[in-house]
Amino acid sequence: AQKVTQAQTEISVVEKEDVTLDCVYETRDTTYYLFWYKQPPSGELVFLIRRNSFDEQNEISGRYSWNFQKSTSSFNFTITASQVVDSAVYFCALSGAETSGSRLTFGEGTQLTVNP
Amino acid sequence: EAGVAQSPRYKIIEKRQSVAFWCNPISGHATLYWYQQILGQGPKLLIQFQNNGVVDDSQLPKDRFSAERLKGVDSTLKIQPAKLEDSAVYLCASSPRSEPYEQYFGPGTRLTVT
């Protein structure tokens with residue numbers, strides 16, 4: 001079975017602070033994909049990143065960065081210099097290519113609130 | 001490029017009534033997904049279509065839920081009869097490929113069953 005755990009239910013920071021959202025996953029597949037999605041108050045899930053299990057390079061996109069570590073089964077997401085517009089629920093998701101095809105297993109989400 | 005369209009955006013029904021949701025995916029996207037998102041939880045896949053064929057419906061409560069995707073484009077999801085625990089947001093997503101690829105989500109339909 002596949003599982004994604006986002007232990008932080010809610011995080012509150014002040015604007016310009018850096019914040020890291022944790023994601024730990026479980027899968028028996030050797031080939032799998034990890035995703036992060038953002039869900040703003042409007043409700044529409046917005047794709048942020050996809051990473052496959054063979055690519056452990058960290059990635060940076062503007063103020064966003066992702067740290068993938070297979071040794072600890074973690075795929076953490078850091079927002080640098082947070083802004084009020086970053087306030088949203090963030091979901092980590094997993095897709096195991098061998099057992100679940102393209103079905104995404106989502107974590108419970110982390111509610112991030114950035115205060116001015 | 002237009003995004004995934006869903007309607008209605010909100011629906012309130014009484015338990016034991018039936019309801020239907022509609023989804024129009026991004027043009028050219030062969031794969032379509034329906035998810036159920038209960039308040040405070042992550043989305044859970046209900047059914048996946050590849051063109052007009054079902055790929056995965058293992059988590060669809062088939063005694064009350066049904067879905068179809070005629071002509072491989074639009075899709076409808078139906079609940080009959082509805083239960084209180086069906087109150088949730090129903091999200092439609094589409095993807096250009098069937099393998100693990102980014103999925104593009106619609107705004108969802110918020111269903112309240114009273």
Side-chain angles (χ1 to χ4, degrees), chain A residues 1-10 21 23-25 27 29-55 59 61 66 75 88-111, chain B residues 1-11 21 23 25-26 29-51 53-60 88-111:
Chain A
Q2 298 184 127
K3 186 178 180 181
V4 175
T5 302
Q6 295 179 256
Q8 304 148 308
T9 304
E10 296 182 26
L21 309 182
C23 172
V24 175
Y25 62 91
T27 181
D29 289 354
T30 54
T31 301
Y32 53 90
Y33 297 82
L34 295 162
F35 301 78
W36 275 95
Y37 280 86
K38 174 182 180 180
Q39 189 171 43
S42 61
E44 196 161 328
L45 281 154
V46 177
F47 166 80
L48 296 177
I49 190 172
R50 178 185 77 146
R51 179 52 53 95
N52 74 55
S53 52
F54 299 108
D55 183 3
E59 182 154 340
S61 176
W66 291 269
F75 186 45
V89 180
Y90 290 85
F91 290 97
C92 181
L94 165 69
S95 179
E98 293 143 30
T99 59
S100 64
S102 58
R103 182 201 310 168
L104 290 176
T105 298
F106 284 85
E108 297 292 281
T110 297
Q111 170 73 60
Chain B
E1 179 182 77
V4 177
Q6 290 189 247
S7 68
R9 291 297 310 276
Y10 304 92
K11 190 75 176 178
F21 313 126
C23 172
I26 293 173
H29 281 195
T31 310
L32 185 147
Y33 308 81
W34 282 102
Y35 289 85
Q36 179 193 59
Q37 185 177 19
I38 293 172
L39 185 65
Q41 299 182 16
K44 183 185 80 172
L45 180 71
L46 292 175
I47 189 166
Q48 175 188 346
F49 291 94
Q50 178 69 19
N51 295 310
V54 175
V55 173
D56 184 352
D57 63 356
S58 57
Q59 300 184 104
L60 185 74
V89 175
Y90 290 85
L91 296 163
C92 179
S94 70
S95 176
R97 308 177 190 172
S98 60
E99 65 265 28
Y101 197 72
E102 50 260 42
Q103 298 176 18
Y104 299 87
F105 285 80
T109 297
R110 182 176 298 278
L111 173 68

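Quick caveat: nothing in here was measured; it's all calculated off a predicted structure. Below, read A as the first sequence line, B as the second, and so on, with proteins coming before strands; counting in each chain starts at 1.
- Around the NZ atom of B:Lys11, the shell of radius 6.0 Å holds no more than 12 heavy atoms that belong to other residues, nucleotides or ligands.
- For the atom pair A:Arg103 CZ and B:Asp56 CG, the distance stands at 4.5 Å (nearest 0.5 Å).
- A:Tyr37 OH to B:Glu102 CD: the interatomic distance, rounded to the nearest 0.5 Å, is 7.0 Å.
- Looking at A:Tyr32, there are no atoms closer than 4.5 Å to chain B (heavy atoms on both sides), in backbone or side chain.
- Evaluation of the side-chain hydrogen bond (donor to acceptor under 3.5 Å, both in side chains) rule for A:Asp55 yields no partner, not counting sequence neighbours.
- By the side-chain hydrogen bond (donor to acceptor under 3.5 Å, both in side chains) test, B:Tyr35 is found to be paired with B:Gln103, residues two or more places apart in sequence or in another chain being considered.
- Between A:Phe91 and B:Pro43, some side-chain heavy-atom pair lies under the 4.5 Å cut-off.
- Contacts between A:Gln39 and chain B at a heavy-atom distance below 4.5 Å involve the side chain alone, from C-beta outward.
- Around the CZ atom of A:Arg51, the shell of radius 6.0 Å holds more than 12 heavy atoms that belong to other residues, nucleotides or ligands.
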